[in-house]
Amino acid sequence: QVELVESGGALVQPGGSLRLSCAASGFPFTSYHMRWTRQPPGKERELVAVISSTGNIKNYVDSVKGRFTISRDNAKNTMYLQMNSLKPEDTAVYFCNADVLTSGNLRTYWGQGTQVTVSS
């Protein structure tokens with residue numbers, strides 16, 4: 001079964017850093033684009049960053065460009081999000097997700113999310 005498990009969320013002061021991890025299993029991780037998405041309290045989910053299957057191409061929402069870095073270790077079936085210069089508006093539940101073809105159907109899989117709170 002497809003499973004995504006996020007970890008690394010915490011309470012951090014503005015300007016601080018965190019590294020989130022997403023452990024993937026149940027599908028050929030190396031063949032898929034992966035995403036980080038976040039949901040601030042009371043708001044809709046927002047796509048934050050995308051990484052290609054090989055890690056060669058990375059894209060970010062403008063609000064995190066230059067501060068966040070998405071990466072992946074295909075040998076470990078793990079994706080990361082390095083978050084620097086954190087701002088209060090970065091406070092959200094962060095999810096990893098991917099569109100996966102399984103049993104002849106394509107669907108979006110989500111992890112349970114990890115809470116990031118940026119506050120002094």
Side-chain angles (χ1 to χ4, degrees):
Q1 63 177 16
V2 174
E3 186 173 29
L4 301 170
V5 181
E6 302 94 338
S7 62
L11 172 65
V12 64
Q13 293 185 336
S17 297
L18 287 172
R19 189 182 73 159
L20 307 183
S21 298
C22 171
S25 61
F27 68 100
F29 178 78
T30 60
S31 297
Y32 285 86
H33 285 66
M34 297 293 297
R35 312 181 191 96
W36 281 105
T37 301
R38 67 186 180 187
Q39 185 169 28
K43 297 185 178 181
E44 299 177 19
R45 290 185 179 183
E46 173 191 38
L47 179 64
V48 176
V50 181
I51 187 167
S52 63
S53 59
T54 64
N56 185 52
I57 301 173
K58 304 172 183 180
N59 290 287
Y60 305 88
V61 67
D62 286 344
S63 61
V64 309
K65 186 177 180 180
R67 299 189 298 119
F68 291 9
T69 302
I70 189 171
S71 62
R72 64 194 297 164
D73 184 344
N74 283 348
K76 297 291 186 182
N77 281 14
T78 303
M79 177 177 65
Y80 305 95
L81 186 66
Q82 178 65 47
M83 310 165 67
N84 299 325
S85 301
L86 284 162
K87 304 176 180 179
E89 51 262 46
D90 295 318
T91 295
V93 178
Y94 284 72
F95 302 88
C96 61
N97 65 88
D99 296 333
V100 180
L101 180 64
T102 181
S103 300
N105 296 296
L106 183 68
R107 62 170 288 183
T108 302
Y109 288 86
W110 298 81
Q112 289 296 305
T114 186
Q115 177 70 51
V116 172
T117 301
V118 185
S119 176
S120 59

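Keep in mind that what you see is a predicted model, and the values were worked out from it rather than measured.
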Please determine whether residues [X] and [Y] belong to a single hydrophobic cluster, defined as Ile, Leu, Val, Met, Phe, Trp and Tyr linked transitively by side-chain heavy-atom distances below 4.5 Å.
X    : Y    : value
L81  : V61  : yes
L86  : Y80  : no
M83  : V48  : yes
Y60  : F95  : no
Y109 : L106 : yes

With a 4.5 Å cut-off on side-chain heavy atoms, are [Y] and [X] touching?
X   : Y    : answer
R67 : D90  : yes
V64 : R38  : yes
T37 : W110 : yes

What side-chain donor-acceptor pairs closer than 3.5 Å can you find for residues 7-33, not counting sequence neighbours?
unit_1, atom_1, unit_2, atom_2, d
S17, OG, N84, OD1, 2.9
Y32, OH, L101, N, 3.1

For this session: Give a yes or no on this: more than 12 heavy atoms of other residues, nucleotides or ligands lie within 6.0 Å of atom NZ of K58.
Result: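 Yes, the 6.0 Å shell around NZ holds more than 12 heavy atoms from other groups.
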Exercise. Is the CD atom of E89 crowded by more than 12 outside heavy atoms at less than 6.0 Å?
Worked result: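 Atom CD in E89 is packed in, count exceeds 12.
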Is it the case that the side chain of [X] and the backbone of [Y] share a donor-acceptor pair, with hydrogens and angles ignored and the cut-off at 3.5 Å?
X    : Y    : value
T102 : V100 : no
E6   : Q112 : yes
T114 : Y94  : no

Spacing of [atom1] belonging to [X] relative to [atom2] belonging to [Y], to within rounding of 0.5 Å:
X   : Y   : atom1 : atom2 : result
N74 : T54 : CG    : OG1   : 8.0 Å
I70 : R35 : CD1   : CZ    : 10.0 Å
N97 : R45 : CG    : CZ    : 8.0 Å

For this session: Kindly indicate, with the supporting measurements, whether the criterion side chain to side chain contact (heavy atoms under 4.5 Å, CB included) is fulfilled by L4 and M34.
Result: CA-CA 11 Å; L4 301 170; M34 297 293 297; 3.9 Å; yes
Problem set entry | ILVMFWY clustering at 4.5 Å (side-chain atoms), partners of L47 |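 Its cluster mates, by chain and number, are V50.
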